[in-house]
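One-based numbering, in listed order, for ligands and for the atoms of each. Computed from a prediction, not measured in an experiment: that's the story for all the values here.
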Amino acid sequence: MKRIGVLALQGDFVEHIALLRRLKVEALSVRLPRELDGLDGLIIPGGESTTIGRLIKEYDLMAPVRGLAREGFPIMGTCAGMILLARRISDINVEPLGAMDIDVRRNAFGRQVDSFETDLEMPVIGEPPFHCVFIRAPFIEMVGDGVEVLARLPDGTGVAARQGNMLALSFHPELTDDLRLHEYFLRIVPGDRER
Ligand code: GLN
């Protein structure tokens, strides 16, 4: 059984854990550096990136998570998690992990459309389109070489990207009943590691 950690410092980690368990995966909450040991993949949930970023430092998780990212460890970040994975953020109040070569704008949608839901085509998961829930979401402003944009809004704005074993989503798949993006992430995660 694959063993996936969900960073449980703040935000909607409970929803990710529940969804992973529906997929018959061992899902564990991660707060301490030693809880990263023996995992096959990690999810950084949505929430408040300023808070999660501050707690990552306080809990001494910055260096170990950066180290895992450098080794190609599978990591998925949703919403605030995407912000934290980025190399550059529009907001100096958050220190990112710098794991993915993407520029991300926080709270990128104006007040009118602060939060919204829309169905988007995502070729990597096939039909039907994915129902995407955006909550004070970030979007991707630029991607470096080696980053594949997996979903775009109708105006071309990137809202999902993959680089190697890392996956960043502006929206919240854990708040829907559609398991396909978590399944996609689990396909990135190699089989049970030696432990
Ligand atoms: N607006 C939040 C932030 O900037 C992200 C919102 C979310 O994760 N739903 O951290």
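No path of Ile, Leu, Val, Met, Phe, Trp and Tyr side chains, each step under 4.5 Å between heavy atoms, connects I44 with V133, placing them in separate hydrophobic clusters.
Remark: K2 does not engage D40 in a salt bridge, criterion side-chain N to carboxylate O under 4.0 Å.
Residue N107 touches ligand 1 through its side chain alone, judged by heavy-atom distances below 4.0 Å. Neither the backbone nor the side chain of T78 has a heavy atom within less than 4.0 Å of ligand 1. Of all the heavy atoms of R106, the ones lying under 4.0 Å from any atom of ligand 1 belong exclusively to the side chain.
When each atom of ligand 1 is checked for a heavy atom of H172 under 4.0 Å away, the hits are 7 (C), 8 (O), 9 (N). Atoms of ligand 1 found under 4.0 Å from any heavy atom of I135, numbered from 1 in the order shown, are 6 (C), 7 (C), 9 (N). Residue contact check: S49 has heavy atoms under 4.0 Å from atoms 3 (C), 4 (O), 10 (O) of ligand 1. Within ligand 1, counting atoms from 1 as listed, the ones closer than 4.0 Å to a heavy atom of I83 are 3 (C), 4 (O), 10 (O).
Of all the heavy atoms in D101 and Q163, the pair that sits closest is N-OE1, 2.7 Å.
Looking at A137, G46, G47, G11 and measuring to atom 5 (C) of ligand 1, the nearest heavy atom belongs to G47.
Side chains of T157 and D155: a donor-acceptor N/O pair is present below 3.5 angstrom, by distance only. Side chains of S115 and R136: no donor on one and acceptor on the other come within 3.5 Å. Of the N and O atoms on the side chains of T78 and H16, at least one donor lies less than 3.5 Å from an acceptor on the other residue.
Checking V124, L120, T176, D119 one by one against F130, the side chain to side chain contact (heavy atoms under 4.5 Å, CB included) holds for a single residue, T176.
Nearest non-hydrogen protein atom to atom 7 (C) of ligand 1 is C79 SG, 2.8 Å.
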